[in-house]
Number of protein chains: 2
Amino acid sequence: MNNYMLTIQYDGGRYKGWQRLGSGENTIQGKIEQVLSELVGKQTEIIGSSRTDAGVHAFAQIANVKLDGKHSEMEIKKYLNRYLPQDISIKEVTLVHERFHARYNTKDKTYLYKIWNEDYTNPFMRKFSMHVEKKLNIDNMKIAGQYFIGEHDFTAFSNAKSKKKTMVREIYSLDINENNGFVEIRVRGNGFLYNMVRKMVGTLIEVGLGQIEAEAIPTILHSKERNQTGIMADSAGLYLERIDF
Amino acid sequence: MNNYMLTIQYDGGRYKGWQRLGSGENTIQGKIEQVLSELVGKQTEIIGSSRTDAGVHAFAQIANVKLDGKHSEMEIKKYLNRYLPQDISIKEVTLVHERFHARYNTKDKTYLYKIWNEDYTNPFMRKFSMHVEKKLNIDNMKIAGQYFIGEHDFTAFSNAKSKKKTMVREIYSLDINENNGFVEIRVRGNGFLYNMVRKMVGTLIEVGLGQIEAEAIPTILHSKERNQTGIMADSAGLYLERIDF
């Protein structure tokens with residue numbers, strides 16, 4: 001069997017997230033497996049690197065799949081792009097080492113969050129960003145963001161659905177940039193709990209609006225209380241940007 | 001009466017263009033007039049600078065409207081943005097000279113056309129660009145584009161619906177840039193005939209695909225024959241970018 005790595009881009013707006021659920025549930029993994037199974041003539045499973053939530057987008061989700069060598073990389077890519085819906089696309093198909101595993105080999109992940117921060121809507125990005133009308137205080141958000149860097153127990157910034165052996169994750173970087181009306185938050189870490197990025201961003205937004213003090217972040221982290229954080233930011237603004245192996 | 005200038009941004013995807021048609025027709029001018037009429041309590045007409053086609057977008061359409069001085073610029077902007085659909089937004093409302101006329105005072109217009117030129121779809125821009133899978137020869141497109149610059153009779157690049165006194169228009173600049181998988185064509189001129197930008201872009205695309213010689217452009221212009229040009233590019237990729245007065 002050959003092992004192929006897929007680089008996948010999607011608008012997650014109308015999907016229940018990456019992970020295949022019961023039959024009939026609209027998921028990105030499910031869609032791709034369905035088309036791949038048609039190509040190879042038998043039920044085929046793919047392994048995704050990141051289980052993005054319902055509504056979350058990806059610029060470069062990574063998955064791997066084992067297939068017999070009957071089809072070239074280009075044939076697999078073309079077949080998938082022809083039969084997948086327009087909101088999922090396969091950027092690359094690459095033959096990789098047989099032991100490459102998209103989930104186990106993931107070293108770190110980068111998520112990007114886009115906030116549209118003007119007092120009018122952005123017609124082109126309304127499904128791909130969160131609209132915050134009131135001007136955000138970026139300096140305060142940057143101060144707050146720095147408190148997330150390093151190794152912390154992120155229980156407060158997770159959702160009750162997170163049942164992990166450990167709630168400790170390490171954040172390597174968190175950058176906030178203004179870009180033509182957008183505020184973009186890019187966060188890189190060794191892993192993220194369920195809803196963690198959205199709760200971090202929601203809290204940063206409340207800092208930017210003056211509703212939470214930047215200096216309160218360490219206290220919230222230490223509290224491990226989920227009701228201490230700010231809002232959960234919309235899934236529409238969140239993109240899985242990059243995975244490093 | 002006060003004269004206000006509106007700067008308007010829209011996703012034209014589900015509209016029959018800018019210009020108000022019969023009642024019940026979905027147009028951008030019609031939508032804005034409807035909300036403004038509700039604000040001031042009587043039938044109100046606005047004058048747009050550019051009659052964008054069905055499906056065409058705008059980053060900065062300009063319109064003017066005369067209203068009594070009962071509402072501030074900020075009140076007008078807020079009311080419009082609250083009641084307009086999400087795909088139309090008002091970036092600015094500015095009090096201008098009483099003689100300012102959005103159509104008559106227009107000096108030149110800039111249109112931007114976005115082509116997504118990769119062999120996979122762009123899920124985020126599929127409604128805001130034209131997808132050309134085969135790699136375009138940008139150098140040849142640039143050579144072809146230069147032939148449009150200057151004053152020409154653009155009959156060949158218009159649609160039969162164009163019934164203007166003169167078919168002569170002047171193109172000041174035409175720039176083609178590659179930008180992260182997109183090919184962007186920006187054209188500035190003193191005016192454009194019906195469908196003219198889309199026929200120019202369609203012809204440039206065919207040059208990029210090797211179906212039309214770059215050097216054929218002057219011949220096509222001189223022919224004044226509408227069947228000599230390339231395809232008409234999709235409305236989804238076209239944006240009214242800027243109007244100068």
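Because only heavy atoms are used, hydrogens play no part in the values below, and waters and symmetry mates are left out as well, while side chains stay in.
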Which pair of heavy atoms, one from B/V201 and one from B/A233, lies closest together, and at what distance?
CG1-CB, 3.7 Å

Does any part of the side chain of [Y], heavy atoms only, come nearer than 4.5 Å to the side chain of [X], both counted from C-beta?
X	Y	value
A/S49	A/T106	yes
B/T110	B/I243	no
B/N195	B/R198	yes

Six-ring centre of B/Y239, B/K114 cation under 6.0 angstrom, axis tolerance 45°:
yes

What residues, two or more places apart in sequence or in another chain, satisfy ring-ring contact (aromatic ring centres under 6.0 Å, His included) together with B/Y172?
none

What orientation do B/W18 and B/Y10 show, parallel under 30°, tilted 30 to 60°, or perpendicular over 60°?
parallel

Parallel, tilted or perpendicular, judged at 30° and 60°: which one describes the rings of B/Y120 and B/W116?
perpendicular

Under 4.5 Å from any heavy atom of chain B - which part of [X]:
X	result
A/L84	neither
A/K78	neither
A/D87	both

Heavy-atom pairs under 4.5 Å with chain A are the metric here; pick the option from B/I88, B/D11, B/N81 that has the most.
B/D11

Applying a heavy-atom distance below 4.5 Å, give me the residues of residues 56-74 of chain A that approach chain B, sorted by number.
A/H57, A/A58, A/F59, A/M74

